[in-house]
Amino acid sequence: MRTGVGYDSHRFDETRPLVLGGVAIPDAPGLKGHSDGDAVAHAITDAVLGAAGLGDIGVLFPDTDPAYAGADSIELLASAVRRLRDGGFRVVNVDATVIAERPRISPHAEAMRERLGEALGTGAAGVSIKGKSNEGMGWIGRGEGLAAIAVATVTPAAGDGA
Ligand code: MG
């Protein structure tokens, strides 16, 4: 069993639609970024890659590469999980926290778990999504952007008796 941690933050960009955990969230500003700016998917991708010792999202999907402009971050996550499988691992579970003053996460958490669980190969049961405000403090408190942190556990794929 191995564990990895991932962190990401993105600045709000009112001109873009908001996508978090693969779910479109209306009535909240989007996130600046080379891809769709999905900080939740990015933090989870880094957690999964870190657990398997496979580098990080910036190495696999450089933001200088036009191929990833506006990329669907769920696709990037699924691609990272495929590399993990090629490396002989499977994802056991992921736990993530979104730190943001807005949007509220709880109304969207189930949809995110479904979407992320599909990409991770764990199903929704293997994904936990929680939201926290920053109590009005600092750049998150001022509403400049949001952050996400994630922990992933992976295990050798041969460990399931396959
Ligand atoms: Mg990012």
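Treat the numbers as computed from the prediction; the structure is a model and nothing was measured. Note that ligands are numbered from 1 as they come in the structure, with each ligand's atoms numbered from 1 the same way.
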Any side-chain hydrogen bond (donor to acceptor under 3.5 Å, both in side chains) pairs touching residues 53-69, not counting sequence neighbours? none

Please check if the number of heavy atoms outside Lys130 that lie under 6.0 Å from its NZ is greater than 12. yes

Side chain proximity check, Trp139 to Ser9, heavy atoms < 4.5 angstrom: yes

Ionic contact status for Asp36 with Arg16, cut-off 4.0 Å: no

Closest non-hydrogen atom pair, Leu60 against Leu54: CD1-O, 3.7 Å

For the Mg ion (ligand 1), protein N, O or S atoms at a distance below 2.8 Å amount to 3

Leu18 versus Pro103: any side-chain heavy-atom pair under 4.5 Å? yes

